[in-house]
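Data first, discussion second: the structure below is written as structure tokens.
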Amino acid sequence: MLDLKHVKKYYTVGETTTKALDDVSVSFRKKEFVSILGPSGSGKTTLLNIIGGLDRYDSGDLVINGKSTKTFQDKDWDAYRNNSIGFIFQSYNIITHLSIIDNVTMGMTLSGVASDVKDKKAKDALIRVGLEKHMNKKPAQLSGGQLQRVAIARALANDPDILLADEPTGALDTQTSREIMDLIKDLAKDRLVIMVTHNPELAEEYSDRIIKFHDGKIIDDSEPYTNEGDDSGFALNRTKMSFWTALRLSFTNIRTKKGRTFLTMFASSIGIIGIGIVLALSNGFQKQIDSTQSETLSQFPVTISRVGLDSQAAIQSAQTGKNNFADGSKVTAKKSAQESAQHVNKLDQDYVDFVKDIKKSAAKNIAYTYTTGFNLIRQVNGKYQSVTFSNQDQSQSQTASMDPSSTMGVGGAVYPTDRNGKMSFLKENYKVLAGAYPTKKTDIVLIADQHNNVNINALKNLGFDVKNNQQLKTSKLVGTTVKLISNDDYYQQLPTGNFIPQQVSAKMADSSKTKTLRITGILRTKSKNSDGLLSNGVAYNDRLTKDVVDQNKNSAIAKAQATSDKNVITGAAIKSADRANLLAYMGAASVPSTIQIYPNSFKQKDKVTNYLDKFNKGKSSEDKVVYNDLAGNISSLTGGLMDAITYVLIGFAAISLVTSMIMIAIITYTSVLERTKEIGVLKALGARKKDITRVFDAETTILGVGSGVLGVVIAWLLTFPANVILERVTDLSNVAQLNPLHAILLVIISTVLTVLGGHIPARIGSKKDAAIALRSE
Ligand code: ADP
Ligand code: MG
């Protein structure tokens, strides 16, 4: 069944060539027990390795069942070893980290035998060698003789046609040797057994045929045999290790060196920890920024005032000058950069209508403020007196001039009613400290800061006699009424044609045109973020200003001012610019002086500004209307900065990832060196190169997943102390937050990098010569 025809195998090391097999021709019967005797170095092991397909012959032919192996490829040899050959070695070559039963099933696992069949066969083989009680033990728990029985069971389990034994009793005592020999003789009843031995007595006693070897040549054969054309042929069942087998093999191996594995994982997880922490922090900071932006910055309105700042013009104006000094003796009349940047917005009805078309989903609060004067009086201690809504200290300015245009506007803050007529703006940003939210246009509120402070000037200007730091009962303020007097009731015309305010009186307060304004409540900012949204002090409804304008635009004083080129109150000459202000103050302006658009969210703010930009398309610079978006400037700055910092930090952490990749490569290479024997055994059992690579890839996969998970877990655990420290230092809570998606990505990255790092050493391992691997002690 097995014929060697002129087989030669030479080894050349340096200058010397060893003829390990020197033109060997021999044939074996289908069933016989052949012993090969010969001095050390005569080529016995080489012969077995070549018969077993662990080594390749240089020339000649090995014919199995009439089939030449000359055209065999690697995969054919792999299958041949797995299907037809069983190996028994002097040094047992049991894989120490696998249990006895797993060692026995390995060959069948490689050829993909179903697990129940596999277990049955393995048990039968172990029973046959007398080890049924020991099959779940580890190799370290067995004696030498028992280990050799395991090796025999392993060789037997796959029911091979040829059993090759290389000095199987060389390491055993006489008694045990005999037991093993009995076993092997028994096996030779139904197969070809070729055994190399040093022991001529054992050979004589047990075997059917003795072949003597010397210097790579057969010098004697007790039962020569010539093949009479036995060419039944044979089919090879290809082997293939599944990735699961590879994983299990690596896993049991890793388990035997837990400490080292953990240290390796820990060291290579440091890069992952670094990146994890950086991501968690930047994630958290970004979330903080986002929430601050949507909570705070979006609350700040996009403001369109009569005089806006055209930032583009400002930049251009600042850049027009060349850096060098000008020549010549002339000077140029030129506006300052600041003045050039000032842009007079033509806030006409067209623009007001344009703004009114902004979608409610983008901005539900839009405040239109008319800079009109409020003629306010209040009854204090039974007597009416003039009051104002200003939050400024007016003690100086009032003495400076009685001209109302010098204290232009009403002062105080304006709160928007939303476009559905509700007070959503106040309800979202302010909570009631006392009283209630306003419901009517004539309702006014006092705005307090987070420490319940109300601007002292606002209170003084309302006629309250208060000292700095004085505490007031809220009941004293809530419910206070202020009378808003029409221009016609308030001003009287002198015979000279000039107008002067009349003596403040109850008659004024009782006039049918008079509006009664009431402080309905004291409101406090809900969060630190909305602090400053409305200035501390009095706040009134934006629609009140519109009503006052409507009431006063036909008043005597407004009409007189419209046709006069002097200030009708002071009689002083006026410039045209002041004239518009003066007219507005008297109620003769029909369009608002300020429009404040409160976007619903940070995202919606972009929609608002994009919409406003549309108005300016194709318009001359004069006709453009510029807006001021304070929030936009801040947020684009912080966002970019955050990204930059994150990238830099990730870059640093990535360096440690690469370091750990190199480390994994070294560790894998060490493991390859350590497991040389195992590689040999697996190959003897029919494992392909690919399978060996797979075993190590599986090992690095385990290391990669392990270090990834370890890194992510440690990074996650570190977010807790990091948050405690950050909260102490910055007042921000829960900054570090590890995004689960990032965590999964990091584990994947760690795995991929580790497998990449370990793959080259794994390939080196797979290429190891099985014959050499098994010779190594
Ligand atoms: P035996 O098993 O009879 O002791 P071997 O078959 O192991 O002998 O070796 C036969 C000869 O081939 C020896 O001289 C040995 O040194 C040589 N040899 C075996 N393997 C190699 C190898 N990989 N490289 C070089 N020489 C080798
Ligand atoms: Mg030998």
Side-chain angles (χ1 to χ4, degrees), residues 2 4 6-26 28 33-60 62 74 77 81 85-94 144 147-148 151-152 155 162-172 177 180-181 184 193-203 206-207 209-222 672-673 676-681 683-684 689 692 764-777:
L2 184 70
L4 280 76
H6 308 289
V7 171
K8 288 185 183 167
K9 178 72 179 176
Y10 292 179
Y11 292 108
T12 305
V13 179
E15 301 275 286
T16 55
T17 299
T18 312
K19 296 178 175 179
L21 294 180
D22 191 8
D23 197 5
V24 173
S25 294
V26 61
F28 297 98
F33 189 170
V34 185
S35 284
I36 298 180
L37 284 171
S40 183
S42 56
K44 306 180 298 290
T45 299
T46 308
L47 179 74
L48 281 198
N49 284 348
I50 286 194
I51 292 174
L54 273 179
D55 217 345
R56 303 286 171 275
Y57 48 85
D58 296 340
S59 64
L62 177 71
D74 277 356
W77 285 116
R81 279 198 309 277
I85 304 289
F87 276 104
I88 303 169
F89 307 93
Q90 180 180 354
S91 53
Y92 328 128
N93 284 339
I94 300 297
L147 285 177
Q148 194 60 295
I152 293 171
I162 304 165
L163 189 64
L164 303 174
D166 196 350
E167 301 187 32
T169 60
L172 301 173
S177 294
I180 296 292
M181 289 308 294
I184 294 176
V193 175
I194 305 172
M195 179 182 77
V196 167
T197 181
H198 261 103
N199 192 327
E201 290 89 56
L202 281 183
Y206 287 94
S207 52
R209 179 179 174 189
I210 296 175
I211 294 173
K212 289 191 177 138
F213 237 72
H214 199 271
D215 284 347
K217 286 192 170 81
I218 293 174
I219 53 167
D220 186 47
D221 188 343
S222 68
V672 165
L673 292 182
T676 300
K677 244 322 180 7
E678 186 180 333
I679 294 171
V681 174
K683 284 203 163 172
K689 276 183 190 160
I692 305 297
I764 293 172
S766 76
K767 290 204 178 107
K768 272 193 181 292
D769 188 329
I772 295 174
L774 287 169
R775 276 172 199 269
S776 72
E777 269 317 310

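All residue numbers refer to positions in the sequence shown, counting from 1. First listed ligand is number 1; within each ligand, the first listed atom is number 1.
Taking only nitrogen or oxygen atoms, main chain and side chain alike, Ile772 does not reach within less than 3.5 Å of ligand 1.
If you check which protein heavy atom lies closest to atom 7 (O) of ligand 1, you get Arg775 NH1, 2.6 Å. Atom 14 (O) of ligand 1 has Thr18 CG2, 3.4 Å as its closest protein atom, hydrogens excluded (heavy atom only).
Distances from atom 1 (P) of ligand 1 to the heavy atoms of Gly41, Gly216, Ala771, Gly38 show the closest one on Gly41.
Screening the protein for N, O or S atoms under 2.8 Å from the Mg ion (ligand 2) yields 1; no waters enter the count.
Atoms of ligand 1 lying under 4.0 Å from any heavy atom of Val13, numbered from 1 in the order shown and given with element: 25 (C).
Distance screen at 4.0 Å: atom 27 (C) of ligand 1 has a protein heavy-atom neighbour inside the cut-off. Distance remark: protein heavy atom present below 4.0 angstrom from atom 20 (N) of ligand 1.
Both the backbone and the side chain of Thr46 come within contact range of ligand 1, each with a heavy atom under 4.0 Å.
When all heavy atoms of Val24 and Gly216 are compared, the closest pair comes out as CG2-O, 3.3 Å.
With sequence neighbours left out, Lys19 forms a side chain to side chain contact (heavy atoms under 4.5 Å, CB included) with Tyr10, Asp22.
Within the 4.0 Å heavy-atom shell around ligand 1 one finds Ser42.
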